[in-house]
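The structure appears right after this line, and notes come after that.
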Amino acid sequence: EVNNGRLAMLGFIAGVPAEISTSQPIFQQVAEHPLAVAAHIVIFSVASAMPRLQGEKTAKPESSEFGVWKASSEMLNGRAAMIGMASLLVIEATTGKAFF
């Protein structure tokens, strides 16, 4: 869930401003730049796996909480991004045009 949330946050933060500036729906952005999308997914997936590869026992980032950077905040933001991204994709697939 943490990895999916991080990828959803990346997609939402990268896709929405690009959609606003170009008026292209997310599907069109992905179709026109598949290598950039794939590269970002790989980079963030590897970065998300690094704590586990460095010996952490769990995928949850609870052991390194600091100030406002909490695992619970990351989970909540990730869930919101997943819902937002899924909603945006459904709306754009239904209407056939950019939402923003």
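Here the CG atom belonging to Leu88 is positioned 7.5 Å from the CZ atom belonging to Phe99, to the nearest 0.5 angstrom. Considering CG of Leu89 and OG1 of Thr94, their distance stands at 10.5 Å, rounded to 0.5 Å. Here the straight-line distance linking atom CZ of Arg79 with atom CG of Leu76 works out to 7.5 Å at 0.5 Å rounding.
Note on Phe27 and Phe100: same hydrophobic cluster, where clusters join Ile, Leu, Val, Met, Phe, Trp and Tyr whose side-chain heavy atoms are under 4.5 Å apart, directly or indirectly. The hydrophobic cluster containing Ile20 does not contain Ile13, counting ILVMFWY residues as joined when their side-chain heavy atoms lie under 4.5 angstrom apart, directly or transitively. Phe12 is not connected to Ile83 by any chain of hydrophobic side-chain contacts under 4.5 Å among Ile, Leu, Val, Met, Phe, Trp and Tyr, and they are in different clusters.
Annotation for Gly78 and Ala8: closest pair O-CB, 4.3 Å, computed over non-hydrogen atoms. Looking at every heavy atom in both residues, Ser23 comes nearest to Ala98 through O-CB, 3.7 Å. Taking each heavy atom of Gln29 and Ala18 in turn, the nearest pair found is OE1-CB, 3.3 Å. For the residue pair Val16 and Ile26, the shortest heavy atom distance occurs at N-CD1, 4.4 Å.
Counting heavy atoms from C-beta on, the side chains of Met9 and Met82 never come closer than 4.5 Å.
The main-chain N or O of Ala36 is found under 3.5 Å from a side-chain atom of His40 such that the two form a donor-acceptor pair. Using a distance-only test at 3.5 Å, with no hydrogens or angles considered, no donor-acceptor pair links the side chain of Glu1 to the main chain of Met75.
With sequence neighbours left out, the side chain to side chain donor-acceptor pair (under 3.5 Å) criterion links Glu92 to no other residue. In this view, Glu32 and Gln24, Gln28 satisfy the side chain to side chain donor-acceptor pair (under 3.5 Å) rule, not counting sequence neighbours.
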